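Notes to accompany the following structure.
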Amino acid sequence: MGIEKTFVCKDCGNEFTSKANHADYCQDCRKKRQYERARAYREKKRNLEPTRALGSMDTCPECGKKYMVMSGSQKVCEDCRRKYENKRKSKTNNEYTARTYDTILVAFKKGTKIDIQQKIAEYKIATGEDMSVNEFISRAVEKMLTDFDSVIRSESK
Ligand SMILES: [Zn+2]
Ligand SMILES: [Zn+2]
């Protein structure tokens, strides 16, 4: 490591600077090559794995249960696979929710939730439109915001 020197990338031919004594590839091409090496490694590894006959029995490394091999890429038993999938799904859901929504903790009078659910059910029968309690409250808030807006506008005239 030392001062920055200028090199010419062996791959794309662009000039780039680096503090290394010697550098063959620019940042982008280095990343590209790393990615390709990783992919080649994964493919090689996959090809080296013993192929198990479909329908044969294997032991799940997670729970130790025997399971029937249904596809070559199957690593764990059906139960463990489902567990993983649900965990992954709920994690992405939580992240999505945190990114997309504000969460406000609101206390309602006892029975309000049942009233809302009842109304939603009736509304669904009448219109065919399904709605979650969350959606119902969101819409109520939106409606209030709009109502307030029009009041504020007319009062400040
Ligand atoms: Zn390059
Ligand atoms: Zn298992």
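Every value quoted in this text rests on a predicted model; they were computed, and no experiment measured them. Sequential numbering from 1 along the given sequence is applied to the chain's residues.
Of the charged side-chain nitrogens involved, none lies within less than 4.0 Å of a carboxylate oxygen, so that E95 and R99 do not count as a salt-bridged pair. One finds a salt bridge joining R139 and E129 here, because a Lys/Arg side-chain nitrogen approaches an Asp/Glu carboxylate oxygen to under 4.0 Å.
Within the 4.5 Å cutoff, no side-chain heavy atoms of Q117 are placed close to those of F136. The side-chain heavy atoms of V76 and P61, taken from C-beta on, include a pair separated by under 4.5 Å. Looking at heavy atoms from C-beta onward, Y123 lies in side-chain contact with M131 at the 4.5 angstrom threshold. Counting heavy atoms from C-beta outward, D79 and Y84 have side chains that stay 4.5 Å or more apart. Between V8 and N14, the closest side-chain pair of non-hydrogen atoms is not below 4.5 Å. Two residues are said to be in side-chain contact when any heavy atoms from C-beta on lie closer than 4.5 Å; I3 and K19 fail this criterion. For the pair V141 and L145, the minimum side-chain heavy-atom distance is below 4.5 Å. Two residues are said to be in side-chain contact when any heavy atoms from C-beta on lie closer than 4.5 Å; I120 and E135 fail this criterion.
How far OG of S138 is from NZ of K143: 15.0 Å, rounded to the nearest 0.5 Å. One distance of note links CD1 of I114 with NZ of K119; it measures 13.5 Å at 0.5 Å rounding. Summarising the geometry, atom NZ belonging to K75 is positioned 6.5 Å from atom OG belonging to S73; distances are rounded to the nearest 0.5 Å. Here the CG-SG distance, from D28 to C12, works out to 7.5 Å after rounding to the nearest 0.5 Å. D58 contributes atom CG, which lies 14.0 Å from atom NZ of K65 (distance to the nearest 0.5 angstrom). Atom NZ of K109 is separated from atom CG of D115 by 9.0 Å, given to the nearest 0.5 angstrom.
Although no hydrogens or angles enter the test, the distance criterion places a donor-acceptor pair under 3.5 Å between the side chain of R30 and the main chain of Y25. For the pair Q74 (side chain) and M70 (backbone), a donor-acceptor distance under 3.5 Å is present. Remark: the backbone N or O of Y96 is paired with a side-chain donor or acceptor of T100 at under 3.5 angstrom.
Y67 and M57 are not part of a single hydrophobic cluster, where members link through side-chain heavy atoms under 4.5 Å apart. I137 and Y101 fall into different hydrophobic clusters, defined by Ile, Leu, Val, Met, Phe, Trp and Tyr side-chain heavy atoms under 4.5 Å apart, directly or through other members. Connection of M144 to F108 is not established within any shared hydrophobic cluster, with ILVMFWY side chains joined at heavy-atom distances below 4.5 Å, either directly or through further cluster members.
Taking every heavy atom of both residues into account, C26 and C9 meet most closely at N-SG, 3.4 Å. For C63 against C60, the heavy-atom pair with the smallest separation is N-SG, 3.5 Å.
For E78, the CD atom sits in a packed shell: over 12 heavy atoms of surrounding residues, nucleotides or ligands are nearer than 6.0 Å. Sparse packing is recorded around CD of E15, with 12 or fewer heavy atoms of other residues, nucleotides or ligands lying under 6.0 Å away.
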**Prompt:** For L54 and M68, what are the C-alpha separation, side-chain angles and deciding distance, and is it a side chain to side chain contact (heavy atoms under 4.5 Å, CB included)?
**Reply:** CA-CA 8 Å; L54 299 188; M68 192 185 278; over 6 Å; no
**Intermediate values then yes/no, side chain to side chain contact (heavy atoms under 4.5 Å, CB included), E36 and K32** = CA-CA 6 Å; E36 262 154 31; K32 209 166 66 193; 4.2 Å; yes
